[in-house]
**Q** 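The structure is given below, and queries will be raised subsequently.
Model, not experiment: these values are computed from the prediction. The sequence lines fix the lettering, A, B, ..., with proteins before strands; numbering per chain opens at 1.
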Number of protein chains: 2
Amino acid sequence: MRKKISLKDIANEMGVSTAVVSYVLNNKYEGRISEAKANEIKNIAKKLNYFPNQIAKSLKKDRTFTIGLIIADISNLFYSSIARYIENESKKYNYNVIFGSADENADKFNELIQVMLGRQVDGIILAAPKGTETTLNYLKERQLPFVLIDRYFPQIMEINTVGVNNYQASYTVVQHIAANGYKKPAMVTLRTDLFHMQDRVSGFKDACRQLLGEQDSKVVEVKEDMLSEELEECLLNLLEEQNDLVYFSTNKIAMEGLAILVKRDVKVPNEMGIVCFDQADAYKIFNTSITFIKQPLQYIGSKSVEMLISSINGNRFAENVVLETQIVSGNSSASRKNS
Amino acid sequence: MRKKISLKDIANEMGVSTAVVSYVLNNKYEGRISEAKANEIKNIAKKLNYFPNQIAKSLKKDRTFTIGLIIADISNLFYSSIARYIENESKKYNYNVIFGSADENADKFNELIQVMLGRQVDGIILAAPKGTETTLNYLKERQLPFVLIDRYFPQIMEINTVGVNNYQASYTVVQHIAANGYKKPAMVTLRTDLFHMQDRVSGFKDACRQLLGEQDSKVVEVKEDMLSEELEECLLNLLEEQNDLVYFSTNKIAMEGLAILVKRDVKVPNEMGIVCFDQADAYKIFNTSITFIKQPLQYIGSKSVEMLISSINGNRFAENVVLETQIVSGNSSASRKNS
DNA sequence: CTAAATCGGTTAATCGATTAACTAAAAGGC
DNA sequence: GCCTTTTAGTTAATCGATTAACCGATTTAG
């Protein structure tokens, strides 16, 4: 039994036309085909182990029931978790996902878009790297349904987005640490001009000004590809300058940063307090429980799928969903008794 | 410009037949179409922003240039890393990947297989949960190219597999710790009858017998869904019984186990030595560097893609690739000076 | 008893791209 | 100048499934 079974095979076996088989197997045969024959057809289909060629179906229907997912980096837990939620949610709607990782590279991103368009995906969920505005505008022009997650581009209006309130998240961090007696926090972030990252910085700066009276709060930007090296230098610097807490603005920075603190045997929170943006499974094997900002990953996933499918089904109104984050406090930013 | 551009649109624009356009765009026009017209067509195609409908192409060619990937658990770094390598490698061959996570569930696995077959994938790479032998036999019968990774099923002959020498890996672990003076190691593993896991246990037991003279080495099996609870009890037990080292047989067990050791403030390696199967980014934030078995993830990924595509291209010979692992030694299994 | 409605199907066009087979005109050979 | 090649295309079938339109035979209505 090497060959694939098609409608035709069933039709031949039964001595009827393929149309009949199609009607029956799609349950659109009421008043057209006798119940007896219909059952016979269903049985034969089962016996031959038939299942429809979705490729052919897609071609005819102009719907593939496939959504594309482009994320920045699959090795990042933040994205791989979201990917999983998106996959699960899509399944509920009988949609499949094809995914790709753009690795923060606009060219790779564009390539992935091309591939997905070629595959006729019904829509795309994406976390776009910087420099992709042209492509996004093109998608918009082409009226291809899509939803941006995590990142957004204020220049491009009226598109669907799902993200968190990054400004507020950072602000909350400073409130939390101010309440715990920290006086001189520093933030370590990536050198990027993605807006959601800028928001994290602004929230931090504004809060430092307003809550700590710090006019010129310390924000260090590191380059992604030199993360480990730059970070080590930076952390030693912060220690020397008597900063009492570091706020890592991403998952990846946090992991590298914590590794360096372990390596240098820096006591947390005594010598240095720590707050991280984003969750990581790994935190639990650090010797101090970590305070971190928790994003509603599952909700970002399910909401983005819901919006995308609504858009695929003809909804023309763009929606910008901004979700709140949550601060989970651990000992890494525990209250300071000393001045 | 809402509509999609098809061959027909270009043909109309040029006043030629779609065949010409197809020949030109596929560079099969030598001796058929004039160079001048060919260039004109290429330009129009570019101007109209045409790119071919892969769905239609697939239907005609009976090739989708898509491979399915089913892994056990996308949230596990082992699999997500492999997924990434597989995706990258596939791109080199101009193949795309659609993926799904079976969560160690045979029903979900079967469902994913159905979906992928419906989508007419050219082949599948899979890490199969237990209880899926029937499905695998069906795939074999159907002559659908596939490659098993990580796990294997000795009952099913002549299928492509890529995995590591699990027995040898465990044996090496015991050699390593024996050389470092450990006398009473224990192994913690999952309660499962997947063969590759059994191999890890056999390797451990045999090595304990042969190298440590231990006739009845300690192997504790925990249940996946009760990991954290069972593990805590188990570890306390091992401490009490004077075991001097624990060998965690998977990534996931290791993470949970280490977390418990941190929580209980157990000194590694003084109170308890540690060796883990599989790598994790997180190890670097543990207070002691971890000794672990490193699998050649990238090679598993690239090899499996290579084998799959060779099989898709008609190669009928099944291959069983068994790769060697590597032990990366850290302080968690450092040499014991005391008896 | 005739016209209309219902039953149980079939035919054929279509989705977009591919490709074997064909054709008409121009160029080349002797 | 006539026959053969070559050039430059066109036609039409095909992949598998869908579906509007049609058709003959019964059944029903009035």
Side-chain angles (χ1 to χ4, degrees), chain A residues 2-42 44-45 48-66 94 114-115 117-122, chain B residues 2-42 44-45 48-66 94 117-122:
Chain A
R2 57 155 58 65
K3 230 195 55 186
K4 289 173 195 164
I5 305 298
S6 73
L7 272 194
K8 210 179 207 169
D9 298 316
I10 301 179
N12 286 341
E13 182 101 1
M14 284 284 298
V16 297
S17 72
T18 63
V20 180
V21 182
S22 175
Y23 284 127
V24 170
L25 263 25
N26 287 294
N27 279 314
K28 291 184 180 173
Y29 64 94
E30 36 157 306
R32 295 172 154 288
I33 286 95
S34 66
E35 199 65 40
K37 194 154 269 184
N39 282 325
E40 225 179 314
I41 289 173
K42 286 177 184 169
I44 295 209
L48 292 182
N49 221 314
Y50 168 80
F51 39 111
N53 185 327
Q54 299 293 342
I55 295 291
K57 202 172 237 178
S58 296
L59 180 60
K60 191 77 219 317
K61 294 243 184 160
D62 205 27
R63 274 277 194 112
T64 56
F65 288 96
T66 300
N94 269 311
Q114 298 299 318
V115 168
L117 290 178
R119 299 238 178 250
Q120 310 295 120
V121 295
D122 295 340
Chain B
R2 55 154 58 66
K3 228 194 58 187
K4 290 174 196 163
I5 305 298
S6 71
L7 273 193
K8 211 179 205 169
D9 298 315
I10 301 179
N12 286 342
E13 182 99 1
M14 284 286 298
V16 296
S17 72
T18 64
V20 179
V21 182
S22 174
Y23 285 128
V24 169
L25 264 26
N26 287 294
N27 279 314
K28 292 184 181 173
Y29 62 95
E30 35 159 306
R32 295 172 153 288
I33 286 96
S34 66
E35 199 65 39
K37 192 153 268 183
N39 282 324
E40 226 179 312
I41 287 173
K42 286 175 184 170
I44 295 209
L48 291 183
N49 221 314
Y50 167 80
F51 39 110
N53 185 327
Q54 299 293 341
I55 295 293
K57 203 172 237 179
S58 297
L59 181 59
K60 191 77 217 320
K61 294 243 186 158
D62 204 26
R63 274 277 193 112
T64 56
F65 288 95
T66 300
N94 269 312
L117 289 178
R119 304 240 172 231
Q120 310 295 122
V121 295
D122 294 340

**Q** Answer yes or no: does a side-chain N or O of A/Asn26 lie under 4.0 Å from OP1 or OP2 of D/dA17?
**A** no

**Q** Mind checking B/Asp62 for me? I need base, sugar-phosphate or nothing, with any heavy atom below 4.0 Å counting as a touch.
**A** nothing

**Q** Rounded off to whole Å, could you give me the CD1-to-C1' distance for the A/Ile55 and C/dA17 pair?
**A**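 Going from A/Ile55 (CD1) to C/dA17 (C1'), I get 13 Å.
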
**Q** To the nearest Å, how far apart are B/Lys4 NZ and C/dG16 C1'?
**A** 11 Å

**Q** Rounded to the nearest Å, what distance is computed from the CE atom of residue A/Met14 to the P atom of nucleotide C/dG9?
**A**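 Spelled out: CE on A/Met14 to P on C/dG9 is 8 Å.
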
**Q** Considering just the side-chain nitrogens and oxygens of A/Lys28, establish if one lies under 4.0 Å of OP1 or OP2 belonging to D/dT18.
**A**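 No, outside the criterion.
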
**Q** Taking 4.0 Å as the cut-off, does a side-chain nitrogen or oxygen of B/Lys61 come that near to OP1 or OP2 on C/dA17?
**A** no

**Q** Looking only at heavy atoms, what is the nearest atom pair of B/Tyr50 and B/Leu25, with distance?
**A** CE2-CD2, 3.7 Å

**Q** Counting only side-chain heavy atoms from C-beta out, which of C/dC15, C/dT18, D/dT18 sits nearest to B/Lys57?
**A** C/dT18

**Q** B/Tyr29 OH to D/dG9 P: how many Å, rounded?
**A**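 Nearest whole value for this atom pair: 12 Å.
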
**Q** If only side-chain N and O atoms of B/Ser17 are considered, is one of them under 4.0 Å from the OP1 or OP2 phosphate oxygen of D/dT10?
**A** yes

**Q** According to a strict under-4.0 Å criterion, is B/Ser22 in side-chain N/O contact with OP1 or OP2 of C/dT18?
**A** yes

**Q** Send over the distance from A/Gln54 CD to D/dA17 P, rounded to a whole Å.
**A**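 Interatomic distance, CD of A/Gln54 to P of D/dA17: 10 Å.
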
**Q** Between C/dA20, D/dC15, C/dT11, spot the one nearest the side chain of A/Ala19, thanks.
**A**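 Taking heavy atoms from C-beta onward, the closest nucleotide is C/dT11.
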
**Q** What I want to check is whether the side chains of A/Thr66 and B/Arg119 have a donor and an acceptor closer together than 3.5 Å.
**A** yes

**Q** Looking only at heavy atoms, which two atoms of B/Leu59 and A/Leu59 are closest? And how far apart?
**A**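 Answer, listing the atom of B/Leu59 first, then A/Leu59: CD2-CD2, 3.4 Å.
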
**Q** What's the OH-C1' distance between A/Tyr23 and D/dA20, to the nearest Å?
**A**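 Value for this atom pair: 7 Å.
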
**Q** Check every strand shown and say whether B/Val21 touches a base, only sugar-phosphate, or nothing at a heavy-atom separation below 4.0 Å.
**A**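 Contact class for B/Val21: none.
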
**Q** Calculate the interatomic distance between B/Asn12 atom CG and C/dA17 atom P; express it in whole Å.
**A** 12 Å

**Q** In terms of side-chain geometry, is the basic nitrogen of A/Lys4 or A/Asp9 positioned less than 4.0 Å from the acidic oxygen of its partner?
**A** no

**Q** Starting at the 5' end of DNA chain C, which residue's closest nucleotide do you reach first, B/Arg32 or B/Pro52?
**A**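 It is B/Pro52 whose nearest nucleotide is closer to the 5' end.
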
**Q** Is it the case that A/Arg32 places NZ or CZ above or below the six-membered ring of A/Tyr29, under 6.0 angstrom from the centre and within 45 degrees of the axis?
**A** no

**Q** Of the nucleotides D/dG16, D/dG9, C/dT18, which has the atom closest to the A/Asn53 side chain?
**A**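 It is D/dG16.
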
**Q** How is B/Lys60 classified with respect to the nucleic acid when contacts are heavy atoms under 4.0 Å: base, sugar-phosphate, or nothing?
**A**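 Answer is base: heavy atoms of B/Lys60 come under 4.0 Å of a base.
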
**Q** What nucleic acid atoms does A/Ser6 come within less than 4.0 Å of, heavy atoms only: base, sugar-phosphate, or nothing?
**A**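 The answer is sugar-phosphate, as A/Ser6 gets under 4.0 Å only of primed atoms, P, OP1 or OP2.
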
**Q** Remember a base hit wins even if backbone is also touched, and classify B/Ser34 as base, sugar-phosphate or nothing at under 4.0 Å, heavy atoms.
**A**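 Touches sugar-phosphate only.
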
**Q** Between C/dC7 atom P and A/Ile33 atom CD1, what is the distance in whole Å?
**A**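 After rounding, the gap between these two atoms is 12 Å.
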
